[in-house]
Each structure stands twice: as structure tokens, then as C-alpha cells.
Q: 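Encoded as C-alpha cells, here's the structure I'll be asking about.
Treat the numbers as computed from the prediction; the structure is a model and nothing was measured.
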Amino acid sequence: MSIVIKNNSGEPVSRALVIDKIPKYTKSTSDPIAIISIPPKSAVTISYKVKLLAPGTHTFSDVVIIVSDFLGYFAEELSHSDRLTIVALPQEIRGELGMKSLQKVVGVYTAGKAVGGLYDLANIRDYTPGDNVKKIIWSAYAKTGKLMVREDLGEARAKVLLLIDIRPHAWLIGETPNTLAHIQSRFVASLVDFLTRNGMEVDAIVCSGIMPKVVANLRGGEESLYRIFSLIDAGGGCNSQLNGFINAIGYIDKELSQYDIVILLTNPITLSLDEPTNLRDLAASLERLFIAMPMFKYDDVMGRDTIVKLLNGISETLGETLIGMEFSEEGFEIIYGGGKP
């Protein structure tokens, strides 16, 4: 990080104490506080290094400068706000998430030429920009006035909608760098990687603040993770209830019927704190909901019996609208050798 302080006056600044207020989930590896003097009509640059301790957005905004005479008898405090945002991406850990069961639900097809020939159809769906015009079914357009395209058996790709639910309280459960929010973030990154690497079409709704936001057409890699985590404040997250996702669904340019599966990325602690009717309303609006949760030391917070009772109650309440619930088979903790980061 660098701060440039300019003295545009014709008089020297004998002594200036500069303090950069760094965000909570950052750590300065050198001191962001400096005492300097600035000659007239000149500038001084202060640099220091900072380590980001959590995924999401980190906002540097406030710099305080205390200007005084050389002996420090007279002082004036000045503040300056200049918003700078840095987005940190979670470390990617490729877990399995019980992927075999997930594959059975989604029905993944291998991209390529149709196995059974040109007219071996796997699906017919609405046309979206970027589709091959050769796949348009013109006879259907003549009858309905709607552009429809065909997907052959070998070319159909599973379509997945992710609902990403990371709450502010999750940053307080556990210790950095393995709080529940850290674990969920790595879980999200790994799941997006798995889905996109397997050729699935992925859209996401990220609950951030009081209004969930749509992130369409995730392609994998750092670009997709940046689009997701630029919407989540490090130490913050979703402040609305689970049924808040319902309002954002209307902003997706696809019909819900086009998705093979909708996956809610959450945790049992968040589910226990929300009103059961909110999850029921969400599941009813989606019709096909899969709840995915990362492995974590939940027993230390809730107790195993409470978790089992909660999940059984959710299963009974949601009924057929719930495809299933799954915990990741592998953990997403970062473990340092010898106890040193």
C-alpha cells in the first residue's frame, strides 16, 4: 500500500504524523504509521505491506494526518477519505462434496457430438444469445413465435443455479483463517471449480447485505471468483432472510424450469437461526432444491443431536421440494505446518 502526501504550499511541513486506518480482516506486516516532514511544493510517499486475512472486499478509506510544529506544541488533525477496495479470493481446495450423488441428481452429459445422430434429442429449450443458430427449431418458431433450440444427447449440459449464503455471524464462529465464513468461502470456490470444470452452465445469486445479487454465466477460474467475492464484504455478508433469494430470482434471464438443480450453499447454524417458513417458501418457489454444506466443527456450537433434529425437521417440512442435503466429505481448513503461518 502506498500513500502520497502533497504539500502544495510554499511553506514546509515540519512534522506530520500519518495514520492509515486498515480494515479489520487485514494485517500490516510493516507499520502503517509514519512521522515525516514535507518540503514546500513537494510530495512524500509512504509505503507499507498488508496481508489480507479473509476473502471478500477490503475497503481502505480513512487516512488521518496530524500536522504540528517541529516541537509538537501546536497541532492540527486532518482526515482524508479516498475509497480503495481490494478483493481477496478464497484459497481453492478441491473437495468431493459427495460428488457421485450430486452427479446422479444433475445428470451430467459429456460435451461432444450426439451419440445417436442428429435427431437424438436430449432437450428443447428457449434460445439464449450465443446459441448456435443451426440449432434453432424453425418449425416451433412458426407455430409459437418463440425461438427454441435443440440440445442433442451428447451436447446437453447441466444447468445449475447456486444460492450463496454467507452470514456476518459466520465470521465469529471459529478462528481466522478457519472461521465458518472462511470455510464456506473455500467451499464455494471449490464447488464453482468442480461444476465449471465438468462443463456445467452455472449461474449464482449472492446474498450480500439486504439485497441478493445475480452473477450469471460463471466460466470458472479467478474471473468467476472475483465476480462472486467482490459482492461480499470481508467480515460481512447476507443480512436478509432465506426467502430474500426469491426476489432476486426474477432478475435471472432464464426460466427456473431450465435449471436441472438449484443448490443452496449454507450451513446448519444459519438454518437454525432463520425462520423455518422462510426456507419452506424458498423451496416452494424453486421446486427442486439441494442444500450443500461444508464440513465444520458444528458439534462444538450446536451439538450433534440438535443438528440431526434440525435436518430431519427440514426434510419433513420441505418434502418433495427438497432433492437432498449433503455435507462435504472433505474439510476446507488451512493447517499450517509446525503451527506457523
Q: Any pair with a residue in residues 8-42 that passes ring-ring contact (aromatic ring centres under 6.0 Å, His included), sequence neighbours left out, goes on the list, sorted by first then second residue, please.
A: Tyr25-Trp171
Q: Taking atom types as modelled, find out whether His182 and Ser185 have a side-chain donor-acceptor pair closer than 3.5 angstrom.
A: no
Q: Could you tell me which non-hydrogen atom of Leu53 sits nearest to which non-hydrogen atom of Lys27, and how far apart they are?
A: CD1-CB, 3.9 Å
Q: What side chain to side chain donor-acceptor pair (under 3.5 Å) pairs are there with at least one residue in residues 308-321, not counting sequence neighbours?
A: none
Q: Please name all residues satisfying salt bridge (Lys or Arg N to Asp or Glu O under 4.0 Å) with Lys21, sequence neighbours left out, ordered by chain then number.
A: none
Q: Working to the nearest 0.5 angstrom, can you tell me the gap between Thr306 OG1 and Leu311 CG?
A: 10.5 Å
Q: For Lys49, which residues count as a side-chain contact (heavy atoms from CB on, under 4.5 Å) partner, sequence neighbours excluded?
A: Thr29, Ser30
Q: Kindly write out the residues that satisfy salt bridge (Lys or Arg N to Asp or Glu O under 4.0 Å) with Asp299, not counting sequence neighbours, or none if the list is empty.
A: Arg304
Q: Just distance, no hydrogens or angles: give the donor-acceptor pairs under 3.5 Å from side chains in residues 235-249, sequence neighbours left out.
A:
unit_1, atom_1, unit_2, atom_2, d
Gln241, OE1, Asn278, ND2, 3.1
Asn243, ND2, Asn278, OD1, 2.8

Q: With sequence neighbours left out, what residues match Asp20 under salt bridge (Lys or Arg N to Asp or Glu O under 4.0 Å)?
A: none
Q: Can you pull out every ring-ring contact (aromatic ring centres under 6.0 Å, His included) where at least one residue sits in residues 296-325? Sequence neighbours excluded, please.
A: Phe296-Tyr298, Tyr298-Phe327
Q: Quick one, Val44 and Val13 - any side-chain contact, counting heavy atoms below 4.5 Å?
A: no
Q: With sequence neighbours left out, write down each residue that passes salt bridge (Lys or Arg N to Asp or Glu O under 4.0 Å) with Lys146, or none if nothing qualifies.
A: Asp126
Q: Quick check on Ile210: does its CD1 atom have over 12 non-hydrogen neighbours (other residues, nucleotides or ligands) under 6.0 Å away?
A: no
Q: Sort and list the pairs that fulfil ring-ring contact (aromatic ring centres under 6.0 Å, His included) and have at least one residue in residues 251-276, not counting sequence neighbours.
A: none
Q: Under the side chain to side chain donor-acceptor pair (under 3.5 Å) definition, can you give me all pairs with a residue in residues 220-234, not counting sequence neighbours?
A: Thr57-Asp233
Q: Is any side-chain heavy atom of Thr196 closer than 4.5 Å to a side-chain heavy atom of Arg219?
A: no
Q: Checking side chain to side chain contact (heavy atoms under 4.5 Å, CB included) against Leu218, which of Leu225, Val160, Val202, Asp203 comes through?
A: Val202
Q: Identify the two heavy atoms, one from Ser14 and one from Asp69, that lie closest to each other, and give their separation to 0.1 Å.
A: CB-C, 4.2 Å
Q: Give, for atom CG of Leu161 and atom CD1 of Ile261, the distance between the pair rounded to the nearest 0.5 Å.
A: 10.5 Å
Q: Would you list the pairs meeting salt bridge (Lys or Arg N to Asp or Glu O under 4.0 Å) in which at least one residue belongs to residues 171-180, sequence neighbours left out?
A: none
